Amino acid sequence: MSETQEPSELLRLRREKLAAWRSRGIDPFGGAFPDTTSIAEILTNFAEGRKARLAGRLLSIREMGKSLFAHLQDASGRMQIYANLQSVGDRFADLKLLDLGDIVGVEGDCFQTKTGEKTLRVRHFDLLSKSLRPLPSKWHGLHDVEARYRQRYLDLVANPEVREIFHQRIRIVREIRRFLEERGFLEVETPMMQPIPGGAAATPFSTFHEALGIPLYLRIAPELYLKQLLVGGFERIFELNRNFRNEGLSRKHNPEFTMLEAYWAYADFPRMAELLESLICHLAEKVCGGLRLSSPTGAFPSIDLTPPWPRKSFADCLREATGKDWFSLGAEERRRLAEELGVELLPNAEEIDVTRHTFEKLVEARTAGPLFVTHLPTELVPLARQNREDPSVVDVFELIIGGQEVAPGYSELNDPIVQRERLEHQAGEERQKLDEDFLVALEHGMPPAGGIGLGIDRLVMLLTGSESIRDVIFFPLLRPKEAP
RNA sequence: GGGCAGGUAGCUCAACGGCAGAGCAGGUGCCUUUUAAGCACUUGGUUCAGGGUUCGAAUCCCUGCCUGCCCA
């Protein structure tokens with residue numbers, strides 16, 4: 001709202017009511033209102049005549065002459081309140097100055113209306129915060145997608161299903177921490193600002209440290225630091241926090257996103273697959289109430305997480321998808337085959353990217369899963385251990401659920417000489433930066449270890465049936481609206 | 001970056017070349033167990049912005065901004 005413009009009548013009237021409260025000697029932005037009970041608790045342990053104090057936001061008001069019904073919403077739910085001339089006496093007139101959206105504290109006793117609704121008869125009330133702007137429609141909620149993301153608080157007030165998704169997200173994150181801690185993993189924190197952004201292939205955000213006079217980058221992955229902690233003697237660690245990638249926005253991408261990485265010394269990738277399988281099943285049962293998920297995009301009928309989940313090699317997947325023994329074909333044959341099967345390729349795509357895109361399009365996108373795809377080509381995964389029998393593949397898995405890559409898991413590469421070569425001779429789009437400090441650490445000896453990464457936002461999308469990453473991040477990045 | 005769809009009252013949406021409307025919210029009045037309360041009356045618009053076509057534009061055209069979806 002620009003300063004010079006005449007405020008709308010709606011806003012003007014609310015400010016007039018604000019002044020009316022003040023003229024009655026009441027601060028419309030009141031102080032504390034302690035010792036309240038949650039609405040959920042009162043409704044659960046409801047008793048006729050029970051005394052209670054509640055605080056929350058007014059979501060509806062039904063005036064009826066000398067009495068009034070309203071609904072109050074707090075963090076735990078909503079409850080009807082009732083007041084009449086007898087119950088609040090002189091202050092009944094003040095009730096007329098309340099608006100939808102006002103935050104009030106009430107005190108009174110419980111009763112049931114003749115239709116059976118559990119209700120609080122108000123004996124005393126305080127205005128705790130005057131709302132100067134109207135709430136979204138009380139039964140349509142807030143549909144405007146842009147407003148929902150830009151003013152998430154309105155989305156949360158008006159749309160209960162949105163609140164529920166974020167509660168689920170909170171439970172998922174909490175359960176991940178508990179699950180790992182119960183198994184002896186320690187949560188650690190490593191740098192978010194790194195001199196060399198390593199551990200993944202992505203464009204970083206850059207910043208600058210004035211005192212040292214050096215550029216720094218927001219991390220694209222914590223991997224190289226977590227491995228240094230393995231070198232230092234930590235054996236089971238995880239980090240569950242934000243990564244940053246300076247890339248486009250989409251249904252599946254937000255520039256900052258939450259990632260779990262866990263490392264387990266002396267374990268290997270099959271062990272990590274078991275850990276991940278039991279973690280995700282645990283989350284589904286704990287948070288979604290079962291192992292059957294609906295596919296968020298609607299691309300698959302439903303997803304059954306009942307373990308054990310199948311394991312299949314990358315080569316076998318491609319053989320089934322293309323009908324040919326992919327890796328025995330020449331580069332030209334692969335490209336031709338991929339294009340015949342509808343994979344779009346850039347003319348200058350490197351060989352490994354032809355394989356990668358073919359896999360993504362013909363296997364990943366079509367797999368409802370869950371499926372552990374194992375033994376990816378070595379060039380695709382520079383930080384994983386090569387297979388003993390076949391050094392052209394690495395001892396890793398890629399977990400696919402709902403047509404999406406959900407989590408990678410590795411037998412980590414701990415040979416410093418091979419690691420250096422692999423980082424120096426990378427090809428294709430997944431090229432990573434060389435971090436000398438990391439290589440020196442490996443030279444001091446890193447125990448063999450298994451590692452996993454789990455994108456939390458996409459996991460939450462999957463477990464809550466959300467179609468967009470913006471529905472599981474409170475404040476997704478949007479282009480800022482220009483000031484008028 | 002490309003394609004498609006969209007942006008109208010606080011909210012949810014109509015009107016699609018001919019008076020800018022409805023429901024809810026808001027205001028006034030009536031109403032002491034209502035609950036999408038009810039009844040009566042009623043306020044509220046830079047139709048995203050700018051330009052063009054036209055007797056006349058929310059509507060058609062162009063440019064820009066923002067959003068969503070699909071593709072890269």
Side-chain angles (χ1 to χ4, degrees), chain A residues 1-2 4-17 20 48 58-73 78-89 92-93 95-102 108-122 131-155 157-159 247-253 296-299 342-349 353 356-357 360-361 365 429 466-471 476-484:
Chain A
M1 176 67 51
S2 99
T4 54
Q5 219 170 7
E6 200 66 25
S8 82
E9 194 190 2
L10 234 53
L11 301 189
R12 189 175 51 76
L13 282 163
R14 291 228 170 179
R15 281 174 195 264
E16 281 174 18
K17 287 188 184 170
E48 192 85 17
L58 283 172
L59 284 194
S60 66
I61 301 175
R62 294 176 294 283
E63 270 188 77
M64 304 190 48
K66 297 180 187 63
S67 73
L68 172 152
F69 287 91
H71 272 97
L72 197 66
Q73 173 168 285
R78 65 179 62 170
M79 181 178 184
Q80 181 167 264
I81 60 175
Y82 172 75
N84 62 23
L85 208 46
Q86 277 75 50
S87 74
V88 295
F92 190 78
L95 288 172
K96 308 268 178 186
L97 289 175
L98 291 173
D99 284 309
L100 293 186
D102 286 354
D109 44 85
C110 295
F111 74 106
Q112 286 195 29
T113 64
K114 62 185 181 192
T115 56
E117 180 158 356
K118 294 167 180 170
T119 304
L120 185 86
R121 182 182 287 102
V122 176
S131 167
L132 296 178
R133 289 176 183 270
L135 283 177
S137 167
K138 71 180 174 189
W139 71 79
H140 289 109
L142 184 64
H143 281 201
D144 183 275
V145 185
E146 186 176 354
R148 286 189 44 226
Y149 297 147
R150 286 194 195 277
Q151 295 181 281
R152 179 69 87 183
Y153 48 91
L154 293 180
D155 193 24
V157 169
N159 300 328
E247 291 161 357
L249 306 171
S250 83
R251 205 170 59 75
K252 294 194 281 188
H253 297 86
T297 55
V343 181
E344 289 169 27
L345 296 167
L346 294 173
N348 59 345
D353 293 324
R356 200 165 56 80
H357 287 301
E360 284 173 4
K361 193 91 176 194
E429 297 165 9
S466 301
E467 289 182 22
S468 169
I469 199 167
R470 291 176 162 179
D471 293 326
L477 185 67
L478 299 178
R479 190 182 295 276
K481 264 243 183 331
E482 254 181 281

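The model shown is predicted, which means the values in this text are computed figures rather than measured ones. The chains referred to below are lettered A, B, ... by the order of the sequence lines, with proteins before strands, and numbering in each begins at 1. Excluded from the calculations below are hydrogen atoms, water molecules and symmetry mates; all remaining heavy atoms, backbone and side chain alike, are included.
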Novice: Measure CD/Glu63(A) against P/C30(B) and give the value in whole Å, please.
Specialist: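 One finds 11 Å between P of C30(B) and CD of Glu63(A), rounded.
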Novice: Checking base pairs now: Watson-Crick or wobble, both atom distances under 3.5 Å. What partners C24(B)?
Specialist: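 C24(B) is paired, partner G10(B).
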Novice: Let's test your reading of the model: under 3.5 Å, does the base of U33(B) pair with the side chain of Ser67(A) as donor and acceptor?
Specialist: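 There is none.
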Novice: Got a list of protein N/O to nucleotides 23-25 of chain B N/O distances below 3.5 Å?
Specialist:
{"from": "A25(B)", "atom 1": "OP1", "to": "Lys138(A)", "atom 2": "NZ", "distance (Å)": "3.3"}

Novice: What's the spacing between Leu72(A) CG and Arg78(A) CZ if we round to 0.5 Å?
Specialist: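 Leu72(A) atom CG to Arg78(A) atom CZ measures 10.5 Å (nearest 0.5 Å).
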Novice: Between C66(B) atom P and Arg148(A) atom CZ, what is the distance in whole Å?
Specialist: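 Interatomic distance, CZ of Arg148(A) to P of C66(B): 21 Å.
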Novice: Base, sugar-phosphate, or nothing: which does Leu142(A) touch, judged by heavy atoms less than 4.0 Å apart?
Specialist: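 The answer is sugar-phosphate, as Leu142(A) gets under 4.0 Å only of primed atoms, P, OP1 or OP2.
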Novice: From G26(B), C66(B), U32(B), pick the nucleotide closest to the side chain of Asn84(A)?
Specialist: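 That would be U32(B).
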Novice: Between A20(B) and C61(B), how far is it from one C1' atom to the other, in whole Å?
Specialist: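 So the two C1' atoms sit 22 Å from each other.
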Novice: When rounded to the nearest Å, what value does the distance between P atoms of U42(B) and A22(B) take?
Specialist: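 To the nearest whole Å, 11 Å.
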Novice: Expressed as a whole number of Å, how far does the C1' atom of G3(B) sit from that of G45(B)?
Specialist: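 G3(B) and G45(B) have their C1' atoms separated by 33 Å.
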Novice: Give, for atom CG of Leu154(A) and atom OH of Tyr149(A), the distance between the pair rounded to the nearest 0.5 Å.
Specialist: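 So the CG of Leu154(A) and the OH of Tyr149(A) are separated by 14.5 Å.
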Novice: What distance do Leu13(A) atom CG and Leu132(A) atom CG have between them, rounded to the nearest 0.5 Å?
Specialist: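 So the CG of Leu13(A) and the CG of Leu132(A) are separated by 12.0 Å.
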Novice: Rounded to whole angstrom, note down the C1' distance from A14(B) over to G23(B).
Specialist: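 One C1' to the other, the span is 11 Å.
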Novice: Taking a pair as Watson-Crick or G-U wobble with both distances under 3.5 Å, which nucleotide is matched to U67(B)?
Specialist: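 When the pairing criteria are applied, A5(B) turns out to be the nucleotide that pairs with U67(B).
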Novice: Starting at NE2 of His71(A) and ending at P of U33(B), how long is that distance when rounded to a whole Å?
Specialist: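 Spelled out: NE2 on His71(A) to P on U33(B) is 16 Å.
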Novice: Looking at C13(B), I'd like to know if its phosphate oxygens (OP1 or OP2) sit under 4.0 Å from a side-chain N or O belonging to His143(A).
Specialist: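 For C13(B), OP1/OP2 do have a side-chain N/O of His143(A) under 4.0 Å.
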Novice: Over all heavy atoms of both residues, which pair between Arg152(A) and Asp471(A) is shortest? Give the atoms and the distance, please.
Specialist: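 Residues Arg152(A) and Asp471(A), closest heavy atoms: NH2-CA, 4.3 Å.
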Novice: Mind checking the C1' distance from G38(B) to C70(B)? Whole angstroms is fine.
Specialist: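 One C1' to the other, the span is 48 Å.
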Novice: Would you give the length of the straight line joining atom NZ of Lys118(A) to atom CE of Met79(A), rounded to the nearest 0.5 angstrom?
Specialist: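 Reported to 0.5 Å precision, the distance equals 8.5 Å.
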Novice: Rounded off to whole Å, could you give me the CD-to-C1' distance for the Gln112(A) and U34(B) pair?
Specialist: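 Going from Gln112(A) (CD) to U34(B) (C1'), I get 15 Å.
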Novice: Over how many whole Å does the gap from His357(A) atom NE2 to C71(B) atom P extend?
Specialist: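 Atom-to-atom, His357(A) to C71(B), this comes out as 14 Å.
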Novice: Taking all heavy atoms of Ser60(A) and all of Leu100(A), pick out the closest pair and write down the distance.
Specialist: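 Here Ser60(A) and Leu100(A) meet closest at CA-CD2, 3.4 Å.
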Novice: Measuring from the side chain of Arg121(A) (C-beta onward, heavy atoms only), which nucleotide among U33(B), U34(B), C31(B) has the closest atom?
Specialist: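 Of the candidates, U33(B) comes closest.
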Novice: Classify the side-chain pair Arg62(A)/Gln80(A) by whether it contains a donor and acceptor separated by less than 3.5 Å.
Specialist: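 Judged by distance alone, the side chains do pair up.
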Novice: Please check the phosphate of U33(B) (OP1 and OP2 only) for any side-chain N or O of Lys118(A) closer than 4.0 Å.
Specialist: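 No, because none of the side-chain N or O atoms of Lys118(A) sits under 4.0 Å from OP1 or OP2 of U33(B).
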Novice: In whole Å, what separates the C1' atom of C48(B) from that of C65(B)?
Specialist: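 The same atom, C1', in both gives a distance of 8 Å.
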Novice: In whole angstrom, give the distance that lies between atom CE of Met64(A) and atom C1' of C30(B).
Specialist: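 Those two atoms, CE and C1', are 11 Å apart.
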Novice: Can you tell me, in whole Å, how much space there is between the C1' of A58(B) and that of A49(B)?
Specialist: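 These two C1' atoms come out 14 Å apart once rounded.
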Novice: So which one's nearest nucleotide on RNA chain B is more toward 5', Leu13(A) or Thr119(A)?
Specialist: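 Here Leu13(A) is the residue nearer the 5' end.
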Novice: Any idea which of U34(B), U67(B), A72(B) is nearest the Val145(A) side chain?
Specialist: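 Looking only at heavy atoms from C-beta outward on Val145(A), the closest nucleotide is U67(B).
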Novice: Any donor-acceptor pair, under 3.5 Å, between the side chain of Glu117(A) and the base of U33(B), if you only look at N and O atoms?
Specialist: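 When only heavy-atom distances are counted, Glu117(A) does not reach the base of U33(B) through any donor-acceptor pair under 3.5 Å.
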Novice: Across all strands, who's sitting opposite A15(B) as a Watson-Crick or G-U wobble pair, both distances under 3.5 Å?
Specialist: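 When the pairing criteria are applied, nothing turns out to pair with A15(B), so the answer is none.
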Novice: Taking only the side-chain nitrogens and oxygens of Lys17(A), find out if one of them lies under 4.0 Å from OP1 or OP2 of G26(B).
Specialist: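 No, because none of the side-chain N or O atoms of Lys17(A) sits under 4.0 Å from OP1 or OP2 of G26(B).
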Novice: Considering just the side-chain nitrogens and oxygens of Arg133(A), establish if one lies under 4.0 Å of OP1 or OP2 belonging to C11(B).
Specialist: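 Negative; the distance criterion is not met.
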Novice: Hey, which of these two, Gly141(A) or Leu85(A), hits RNA chain B nearer its 5' end, going by closest nucleotide?
Specialist: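 The residue mapped nearer the 5' terminus is Gly141(A).
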Novice: Output the rounded distance in Å from CD (Glu247(A)) to C1' (G1(B)).
Specialist: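 So the CD-C1' distance, Glu247(A) to G1(B), works out to 15 Å.
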Novice: For the P atoms, the ones on G10(B) and on G44(B), what distance do you get once it is rounded to whole angstrom?
Specialist: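 Pairwise P distance, G10(B) against G44(B), rounds to 12 Å.
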Novice: Could you check which of A72(B), G26(B), U67(B) has an atom nearest any side-chain atom of Leu478(A)?
Specialist: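 Nearest to the side chain of Leu478(A) among the choices is U67(B).
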Novice: Lys114(A) side chain: which of G27(B), U34(B), C69(B) is closest?
Specialist: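 When the side chain of Lys114(A) is considered, U34(B) is the closest of G27(B), U34(B), C69(B).
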Novice: Could you tell me the Watson-Crick or G-U partner of G56(B), where both distances fall under 3.5 Å? Say none if there is no partner.
Specialist: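 For G56(B), the partner nucleotide comes out as none, under the 3.5 Å rule.
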Novice: Indicate, with a heavy-atom threshold strictly under 4.0 Å, whether Gly248(A) touches base, sugar-phosphate, or nothing.
Specialist: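 The answer is nothing, as Gly248(A) stays clear of every strand by at least 4.0 Å.
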Novice: Distance criterion of 3.5 Å, no angle test: do you see the side chain of Gln86(A) paired donor-to-acceptor with the base of U32(B)?
Specialist: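 Pair found.
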Novice: Side chains of Leu59(A) and Val157(A): does their closest heavy-atom pair fall under 4.5 Å?
Specialist: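 Sidechains of Val157(A) and Leu59(A): in contact.
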Novice: Can you tell me the pairing partner of C30(B) across any strand shown, Watson-Crick or G-U wobble, with both distances under 3.5 angstrom?
Specialist: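 G38(B) is the nucleotide pairing with C30(B).
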Novice: Can you check whether Arg356(A)'s main-chain N or O pairs, donor with acceptor, with Asp353(A)'s side chain at less than 3.5 Å?
Specialist: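 Checking the backbone N and O of Arg356(A) against the side chain of Asp353(A), no donor-acceptor pair under 3.5 Å is found.
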Novice: Donor-acceptor check, side chain of Asp99(A) to backbone of Pro134(A), threshold 3.5 angstrom: yes or no?
Specialist: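 No; zero donor-acceptor contacts below 3.5 Å.
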Novice: Separation of Asp99(A) atom CG from G26(B) atom P, in whole Å?
Specialist: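 Distance, rounded to whole Å: 7 Å.
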